[in-house]
Every structure is written in C-alpha cells, then in structure tokens.
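Report on the following structure.
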Amino acid sequence: MSIAVALPRAPGVTEELLAPSPVLTGEDLDAVRRHLVSLLGPLAAELPEGERFVLDAYRLGTALRRPERCLAAEEAFVPSPRTCRRAVGVAALARCLRGRAAGPAEAVDGVLAEAVEDAGGVADPGQAPGPWWGRWYAGLGPGARAVVAAEATTWATQLWTALEWDRLPAPVVAGGRPDHWAVPGGRALALRSRADVRVRAAGRAVLVVVGAGVPDAASRAELLFAALVPALAGSVAAAPGRVVGLWPAAGAVRVVPVDRRALDSATEQVATAVATWVDAVLERRPAGTLTG
Amino acid sequence: MHRRGASAAVSHRSAILGSVPTTTTASPAPLLAGDALVARLRGTPGERPLVDPGLAGGLRDWLEDELSGAVAGLPEEAGPVRISKEAVNGVLVCEAQLVAARAGRPGPTVQLARGSMVDALFRQWVTVGRIDDPVADALEALEVQGDPDGIVAFVGGLAGEERRALAAEVADHTERIRSAWPVLPASWLARTQERMVVPLAGGRVVLSGVVDLALGAPSGGRASVCVVEVKSGRRRVEHRADLHLYALLETLRSGAPPFRVATFYTAGGELDVEPVGRDALLGALHRVVAGTLRLVRLAAGAAPVPTPNPLCGWCPALAGCDPGLARVAETAGAPADGALACR
C-alpha cells in the first residue's frame, strides 16, 4: 500500500516500520513453500544440464518490467560508483549505527579507507578478503575515488535521514547477509534477496528496502520478494512481517504487510519471472543443443 | 486518470495564494568564503520559516489539475514526457529551436568540458576536501561515471595550446572553489548530485532534476534544506528560474520547501543566495505548466512553433526558419554573445 507520511517523515516512516504485522502461521508458510515448489520444480527441470539459475531482485524486476530484455545476453558486471554505492552505503550505515562515525560522510570515508587497506593485504592468505568492490576501488585515482565516496555518501545520507533510528529496537542490522533459498531437488534454481535494513518489531522481522527512481507496478513484487526468500529459507519466526520500501529520489514510501495472501501473490510473480528467464535461457542456447 | 474539475483547481490556487507571498529578490553578491559563506547558506534556526504542511499537496494537486487533461492527447505508446530545467527553458524560448537542437545533438565544446570538469571538482571538494591535480581528477571522475558526453576523449584530442588553456581555466575555477568553500560540518548532511523525480498525471509526465549540492535534512517544523547549483559560465537570467524549479521539485518530493537556494559561480567566486518564498514556488509552477503543455503537445506530434528570440543566430534550424532569419537580419546578425556557450 502507498502511504502519505505526514511531515516530518522520519517519525511517520518509523511508525510504519514498528506497526503490528499481520498473522502468518507455520501452516501458511508450508503451503506457500509447497505451492512455489510445485511451480518452480518443473521449470528447474527444464534448465539444461549443468545450468544453474539464481533469481535475484534485479532479474525479477527485469522479467516483470522488460521481459524482452531477458533474451539479450547479460552483460558482465562492471563495478562503478553507482553499482557499489549501496554496498559502501550500507557498510557506512552500519558504522553510524555502531556510533563509529559522526555521520554518513565520515562513515563512508572510514569504509573506503578500510577497503583500501584490505585490498593491499589480499596477498596475505591469513587475512579475510575485503568487500567485492575493494580491489576495484583501490585501483582508482583520486578523482574517481571521490565519485565513489560522493555516490555512497548521498545514498547513505538519504537512508540515515529517513528513519528515527533510536526508536528501533536493537539489534538493527544494516544490510546483513543476502537471503538464499534453493528449490529442493537439484539446486539448479535458487532465489536470492537482500534488504538494506533489518529490525525486529513485536516478534517479527521488518525489512527496509531502498529503491532507485520512482516506484512502479513491479515495485510491490520486489518488496514482497525481499520478504518471501527469508520466509522460505527459515521458520515462521524468520518470516518478515512488513517490508517498507523507500524511494528517496521521489520521496515515496510503500509499506507491504506480509501475510499469506501477499506471499501467494509474490509466489505467482516469482514463478512468472522464473518462467520468463528459463524460456530466455533455452532460447539463447545454440540450435540443436536441447535435443535428446 | 481522475480529472479534477476547474473548481478544484481554483480552490488549490486559493489555498496556496491565500497567504501573502513573500517576495524575495537576489541580493547583490559580495564574495563570501569560509564561515561567512556557510552562514549565508544556512542562516540561523530562527530565520527558517515554518513549513506549511498543506503546501506541497496543494502544489501537486494544482499541477495534476493542469496537466491531467493535456496528457490525454498523447499516443498510448508514447513514453513519459520528461521535464527538466533544460527542456522547460528551451521550449519556452522556442519550440522549433528545441526540436532542432534535440535532433542534432552537438558534440562536446570547450565550454561544456569546462562545465563538466568544474562540476566534478566541486563534488570532489565537498566530498573529500582535497583536489591535487584538477584536470586529472576531473577526467578520472568523468571517466568512472561512463562519460556520456564524451568529454574525456574530447579533452584528450585537444591541441596542446587549447588543452593548456582549458587546464589553466579549470585550475582558476578550482581555486575559487577551494578558497570559498570550507569543509562542511557532518551535521549538515551534504548530498551531491542528488536526484529528484516527481511523476505526475499517472506517470505520463515526469519532472526531474539533479542538484549539485543539498544541505540539511527535510523537516516538518521549519524549512531547513539548502540547495546549491554550481555554474562555471557567466550569469544568465534563467539561473534563478532553474533554482526555483529545484525548489518546487524538492517541495513536491519531500513535502517541505527548501529554506534557501543558491548559485555559486566558480568563475568569479560569487554566491547568489535567495530565500524560498511562495512566489518563487508559484512562479516555478507556472513555468512548469506552460513548458509541460508545450512539450506534451510536441510529444503528441504537433508541429513546433518558431518564436524569434535572441538565440536565433545559433539555431541549427535557422536556415529554414523565416521568423528566425528575419530576427537575425533585424539585429544585424548580432545575437546575445556567448549565451549558448555557457553551462
């Protein structure tokens, strides 16, 4: 649902985040899981031998908005200030939440400095690897690094000012590990989602997802996808009760309570998206390779 | 799309116009630097006006009323009509000139290169507080963002003398930035290149803008955001209108108008600062409506109407435009100098 959050917005958005979640039972979740397996299992079986497909939020959005683009060969991922601003921004937000920085700008500065240090030590097998963008960033000159810092600072500041953080019950997690669920039987097909902020309110997880641009007809499915994957992967206690979507550029807020009906709707959208992608995978294969 | 009646539109206007407009004019621009510049941008809490919680909704409803009927003439398959400051300025000057300029996008120029490089360096200074090699840093910044205007290759292809002249000019602008702008306090929450998008008429019209610098967080109590645009060219009359458009976008997006808007001219180091009153927002709204109605008409396939203006001498369609040729002849081929070259 769309909400008109009264000014100032941060208290209103925080209220929405902490509002009671709808009821979701273990039976509901089992039914959703069974239904999704019944839809995705046959699609997984259609994938060519050795082919593995992971549906993430980007691919879900592509399939729902521009299904024709699924047919084009996916370009190799190239880091850029825009593609890594969320990763840097979330790490900076975590620093702010832990009180390790006076604000997003200082936090971003710290995150980037640490990444350069980590990148310098990758030759040491005893050292944990740095973030995925670290080596790319470390190889940039000062002008390019400043763009990375600027993009991440703007991203993190928009999120930092969107909520009243001190009202959120601990622990508040910025980012966190992506959620992952593989369709049983072969693991050729999996779903992976992520959230930008995770909190627990009244016994249920609540997620915040930051979007770019303006919310559209596919945005509800994307928000529900962020709830569906952890719900499938865990018990009912792990299933998010609400997802709050923020689109800072548009000043838009969308709140999706997660109940059985919402998860059923997400299931249908996911199945549609996976079917589109599987068709695309099959069509992209050279002629003759599917026989037999 | 629900079309509200004319009476509804009138009521929005009455609601908005009911208060006395706070007419403000740009004050003369003494050179400001350091703490004085900071104080001019942010003022004191007591100077910040209370936010009218109904203002943003009223402005949005007014825009919807004006535009929802116009988009009915758009073809079903047409994408959204995108409304930027450049589009509004261009279409209000001359529809034919805008259409011609869009059809034959010119390549980069030295002025465009300077503007893009100075924008990148301002962003770098505000973000990291350090610029060592202005030209190298700016080109790196443009390249890592994909350089859609082809500035990096253009600068690389300049002859030695031209390149040295551009480097010297960029260095001068950088010095103005360095000497005027202090390190901004963390509490000001500086955002650079912040994008604002406002869909209207069911998404068939999209207002958008990217502000060079935004300071302060939107508040429901007192207006507290300050928006700054950076210009490397000379002053132009539309710069104030650009700021007012950004003020309108920020109001529609966040629900609260900015407290102040400002333009920083890197050539001379001047800072023009203006409080945001209702008249500025209403002026921007009228310009947006007028420009959008024209842009929607063009998007629906109408022939562009030529309007003779001081820029006719630079118009790519001048050769086939009788009113434009007459205008150029009248002014003895001496259009306003440099107006198109500034960024």
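So that the names make sense, note that chain A is the first sequence line, chain B the second, and so on, each numbered from 1.
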In terms of heavy-atom pairs under 4.5 Å with chain B, the winner among A/Pro79, A/Ala105, A/Ala101, A/Pro142 is A/Pro142
Say whether, by atom type as modelled, one donor and one acceptor occur between the side chain of B/Arg191 and the main chain of A/Trp155 under 3.5 angstrom. no
Proximity breakdown for B/Val128 and chain A, heavy-atom pairs closer than 4.5 Å: side chain
Counting only non-hydrogen atoms closer than 4.5 Å, does B/Ala214 touch chain A with its backbone (N, CA, C, O), its side chain (CB onward), both, or neither? neither
Ranked by heavy-atom pairs below 4.5 Å to chain B, first place among A/Ala146, A/Gly251, A/Ala150 goes to A/Ala150
In this structure, are over 12 heavy atoms from other groups packed under 6.0 Å from A/Arg82 atom CZ? no
A/Glu164 atom CD, over 12 foreign heavy atoms within 6.0 Å: yes
Point-to-point distance, once rounded to the nearest 0.5 Å, from CD of B/Gln193 to OG1 of A/Thr153: 13.0 Å
With chain A, which of B/Arg130, B/Met196, B/Arg253, B/Gln124 has the greatest number of heavy-atom pairs at distances under 4.5 Å? B/Arg253
Which of the residues A/Ala212, A/Pro81, A/Gly103 is involved in the greatest number of heavy-atom pairs with chain B at under 4.5 angstrom? A/Pro81
Quick check on A/Arg69: does its CZ atom have over 12 non-hydrogen neighbours (other residues, nucleotides or ligands) under 6.0 Å away? no
Which residues in residues 134-141 of chain B have a heavy atom less than 4.5 Å from any heavy atom of chain A? B/Asp137, B/Glu140, B/Ala141
Looking only at side-chain N and O atoms, does A/Glu151 offer a donor or acceptor that is under 3.5 Å from a partner on B/Gln145? no
Greatest number of non-hydrogen atom pairs under 4.5 angstrom with chain A, of B/Leu184, B/Leu189, B/Val126, falls to B/Leu189
